[in-house]
Amino acid sequence: MTPNRFVKAVVKTVIDEGESYKDTFAHPGKVTDPYWKRVLDLYRSLPPRHRKVITEIMRQVQVDTVSEMFGIFDGTSALNGRIEKFELIHAVGRARVRLNGDLQDLLLNEVEG
């Protein structure tokens with residue numbers, strides 16, 4: 001797997017499929033968790049244009065979170081106030097491909113694309 005394919009897979013799995021919040025809000029089923037009851041009550045109290053803003057905010061939070069994690073892996077963002085060195089390796093059999101180094105840039109290009 002290349003870094004670019006890894007980023008695309010993370011975007012699909014974490015961000016795009018993470019947009020299932022829209023489905024959760026539209027068809028929540030039986031909700032028993034007090035937190036989700038409050039979230040749904042708030043969401044339902046909003047006009048449709050504000051509901052759309054809420055889902056846009058949620059997507060942006062997902063992008064920002066993944067971007068920050070990739071920045072830590074790339075060594076461009078601090079972890080506990082320090083830049084650390086990490087190696088994110090995709091290993092298949094004896095083949096090893098280093099993934100990190102440009103993950104954050106690849107992600108931002110992918111989502112802003």
Side-chain angles (χ1 to χ4, degrees):
M1 176 176 294
T2 66
N4 200 32
R5 289 181 70 193
F6 175 71
V7 168
K8 286 178 186 287
V10 169
V11 167
K12 180 178 185 265
T13 303
V14 177
I15 298 170
D16 293 342
E17 291 176 6
E19 286 199 30
S20 63
Y21 283 113
K22 289 179 186 178
D23 293 333
T24 301
F25 289 144
H27 310 287
K30 183 176 178 172
V31 179
T32 57
D33 181 275
Y35 166 78
W36 277 107
K37 282 183 178 183
R38 291 191 315 271
V39 170
L40 284 168
D41 285 346
L42 170 65
Y43 184 79
R44 290 176 180 151
S45 74
L46 300 171
R49 64 187 174 95
H50 291 156
R51 290 178 185 180
K52 184 174 181 345
V53 171
I54 292 296
T55 58
E56 289 169 352
I57 290 168
M58 293 172 78
R59 178 180 170 79
Q60 189 60 51
V61 168
Q62 291 171 309
V63 169
D64 291 347
T65 301
V66 172
S67 175
E68 190 65 22
M69 291 297 301
F70 282 175
I72 291 168
F73 295 155
D74 289 341
T76 57
S77 296
L79 180 64
N80 290 326
R82 294 181 43 196
I83 298 294
E84 301 283 349
K85 291 187 179 186
F86 292 96
E87 288 190 14
L88 182 60
I89 304 292
H90 180 245
V92 177
R94 292 185 176 172
R96 298 172 58 83
V97 176
R98 183 171 182 213
L99 298 176
N100 63 313
D102 295 315
L103 294 174
Q104 191 173 42
D105 289 338
L106 291 170
L107 171 75
L108 296 176
N109 287 334
E110 181 71 20
V111 296
E112 293 171 1

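- Going from atom CZ of F86 over to atom CG of L99 covers 14.5 Å, rounded to the nearest 0.5 Å.
- Under the 4.5 Å side-chain criterion, counting only non-hydrogen atoms from C-beta, F70 is not in contact with N100.
- Applying the salt bridge (charged side-chain N to carboxylate O under 4.0 Å, His left out) test to pairs two or more places apart or on separate chains, those with a residue in residues 83-107 are R82-E84.
- L79 and V66 fall into different hydrophobic clusters, where Ile, Leu, Val, Met, Phe, Trp and Tyr side chains are chained together by heavy-atom contacts under 4.5 Å.
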Which donor-acceptor pairs under 3.5 Å do side chains of residues 29-36 form with protein atoms, sequence neighbours excluded?
residue: D33; atom: OD1; partner: Y35; partner atom: N; Å: 2.9
residue: D33; atom: OD1; partner: W36; partner atom: N; Å: 3.1

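- Proximity of a side-chain donor or acceptor of T13 to a complementary backbone N or O of A9 within less than 3.5 Å is detected.
- T65 pairs by the side chain to side chain donor-acceptor pair (under 3.5 Å) definition with nothing, not counting sequence neighbours.
- A salt bridge (charged side-chain N to carboxylate O under 4.0 Å, His left out) check over residues 41-52, counting only residues at least two apart or in different chains, returns the pairs K52-E56.
- Closest approach of D74 to Q104, counting heavy atoms only: OD2-N, 2.8 Å.
- Note on V97 and F6: same hydrophobic cluster, where clusters join Ile, Leu, Val, Met, Phe, Trp and Tyr whose side-chain heavy atoms are under 4.5 Å apart, directly or indirectly.
- Expressed to the nearest 0.5 Å, how far OG of S67 lies from CD of E110 amounts to 13.0 Å.
- Among residues two or more places apart in sequence or in another chain, the side chain to side chain donor-acceptor pair (under 3.5 Å) test is passed with D64 by Q60.
- Scanning all heavy atoms of the two residues, the minimum distance from G81 to A78 falls at C-CB, 3.8 Å.
- Residues L103 and I83 do not share a hydrophobic cluster, defined by chaining ILVMFWY side chains whose heavy atoms lie under 4.5 Å apart.
- Taken together through direct or relayed side-chain contacts under 4.5 Å among Ile, Leu, Val, Met, Phe, Trp and Tyr, V11 and L108 form parts of separate hydrophobic clusters.
- E68 contributes atom CD, which lies 11.5 Å from atom CG of L107 (distance to the nearest 0.5 angstrom).
- Taking NZ of K8 as the reference point, atom OG1 of T2 lies at 9.0 Å (rounded to 0.5 Å).
- Residues M69 and L106 are members of one and the same hydrophobic cluster, defined by side-chain heavy-atom contacts under 4.5 angstrom among Ile, Leu, Val, Met, Phe, Trp and Tyr.
- Under the side chain to side chain donor-acceptor pair (under 3.5 Å) criterion, K37 pairs with no residue, sequence neighbours left out.
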